[in-house]
Each structure stands twice: as C-alpha cells, then as structure tokens.
Amino acid sequence: MSAIDLHARPSKEYEAKLAETQKLLIRAASEFRPLKQASSLGAEDVVITHLINALELDIPVFVLETGALHQETLDLLARTQAASRTAVEVYRPVQESVIQFVAREGKDAMYRSIELRKSCCHIRKLEPLERALAGQQAWITGLRREQSAARAEVPLVDASEVPKNGRTKLNPLANWTWGDVWHYIGANQVDYNPLHDQFYPSIGCAPCTRAISLGEDFRAGRWWWEDESAKECGLHVKQEKVAA
Ligand code: SF4
C-alpha cells in the first residue's frame, strides 16, 4: 500500500486551504525579494515546490544536502532539479568541519548526547542554512501546526524574527492536515520520496530517521532516542528558546 493510499484524506476545508496557500505564495513572490523555499524534499516540501512550479512563480528552492541523506532522498533531489521550472540550489556543509567532527567524535556521535547531536546538526544543517538564507527577505517552509506540540501555533506569516535577522518566515501549509498533503500529492501526481511508502512520515538524515509503526506519533521517527522536548534540529527553534 502506498503512502497515497494510506494517507490521502482531504479535510472538509481542503479547497479553501489550497486557495489560501496559492494566494499566499503569489503574494509572497511579489512582496518579498529575495525569497526562497527551504525544502527537505519531504511530503510538505514537494507540495510547495509543485505549487511554485505550477503557478510559475519566481521563487528558487534550496535543499540542505547534509552528506548523510538516504540514497532515495538524493535520487529525488536529482529528479526535482531535472523537472523543476524554478532553480533548485544545493547547500552542503563545510567539508573540513565535517571531517574534523567525525575524526574527533566518531560517526555515531549523535547517539551519545544531545549536545553532540546538536553539534552535528549545527555543522551539517544550521551553518549551511545561514549561508542559504543570507540576504533573504523571507523564506518558505513546510511547517504545519499538526506536526507536533511545538508547532501547534505556527502562523501562516511569521514576522517574529524580523527584528533579529530581517527575515519573515512563511508557512503556507500551516493549516493543512497530513491527509490534505497526501491528497494534493495523489491528485497532482507529485513525485515524492519512496521512503514515505515504507512508513517514514518525516525524512531527515539517514542515521537520525527511522520508520514508525501505525499509531506512533508523527515525529517518533526522528531522533527517537531523545526526549520529545529536544526534538528540533534548530532550523525552526525560536531565539528565546535557544537562549533558555
Ligand atoms: S539529523 Fe543527525 S546526521 Fe543529520 S545533522 Fe543532525 S545529528 Fe547529524
């Protein structure tokens, strides 16, 4: 059974949410310059990239290629680059930093402590993310309120970090359900990561992602050895939480 068969269940308000998302993307393309979509190539992100292409918007997409992605994700990246009308940029970590970290802490350091896991995320994700976002007025993410308790209040337009870094974060799928996402993928024949067909709801780096069982929490497949409260890689953590 495919992920589409398993999950595609549009909510009652699906059409209204889709229209809201399209309107926000169109508005964003003219209001914010420069502007990019951050894509992990997960289900939400392939929907947004598909909408950007379908609406012929001038919004480039970028992917953080951490050096630890599944082959399935790398294959999807290559297909997306080949098929997209819009540019798909790839940002990689500083090779020397990765080599030094692995030599010092070992390949499996992320399992030993939250600090080491966060150091790995900093080198492989956060530093490249800062490079990808340098000079951007806004960025687009696939965050949805339903994804976790920490994301329950995600707004469509988040200007809370503008005073700090001048960047607005746009979350055009904030109101979508998992069923809405898969309905869009199925209805529009969007290319997606085949790992979703193997019960991976959320796909990140290979060492830190696993399949989940039916009934398990949505985020249970990410950093499963850690407490729920620690489960963000820092890409979407508010500054005050970092300080705390
Ligand atoms: S998700 Fe895992 S492998 Fe990827 S950067 Fe974070 S700790 Fe490292």
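Whatever order the structure lists them in is the order used to number ligands and atoms, beginning at 1.
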Numbering the atoms of ligand 1 from 1, which are under 4.0 Å from a heavy atom of [X]?
X	result
Met110	3 (S), 7 (S)
Cys208	1 (S), 2 (Fe), 3 (S), 7 (S)
Arg124	5 (S), 8 (Fe)

By side-chain hydrogen bond (donor to acceptor under 3.5 Å, both in side chains), which residues pair with Asn175, not counting sequence neighbours?
Glu20, Arg145
Quick check against the 3.5 Å criterion: does Ser30 have a side-chain atom that pairs as donor or acceptor with the backbone of Arg27?
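Yes, because the side chain of Ser30 sits within donor-acceptor range (under 3.5 Å) of the backbone of Arg27.
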Judged on heavy-atom distance to atom 7 (S) of ligand 1, which of Lys118, His122, Arg222, Arg117 sits nearest?
Arg117
When the ring centroid of Phe32 is compared with that of Trp139, is the distance short of 6.0 Å?
no
State whether a side-chain donor-acceptor pair under 3.5 Å links Asp197 with Ser2.
no
Is it true that some N/O/S atom of Cys121, main chain or side chain, lies under 2.8 Å from atom 8 (Fe) of ligand 1?
no
Output all residues satisfying salt bridge (Lys or Arg N to Asp or Glu O under 4.0 Å) with Arg167, sequence neighbours left out; order by chain, then residue number.
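Checked Arg167 against salt bridge (Lys or Arg N to Asp or Glu O under 4.0 Å); matches are Glu130.
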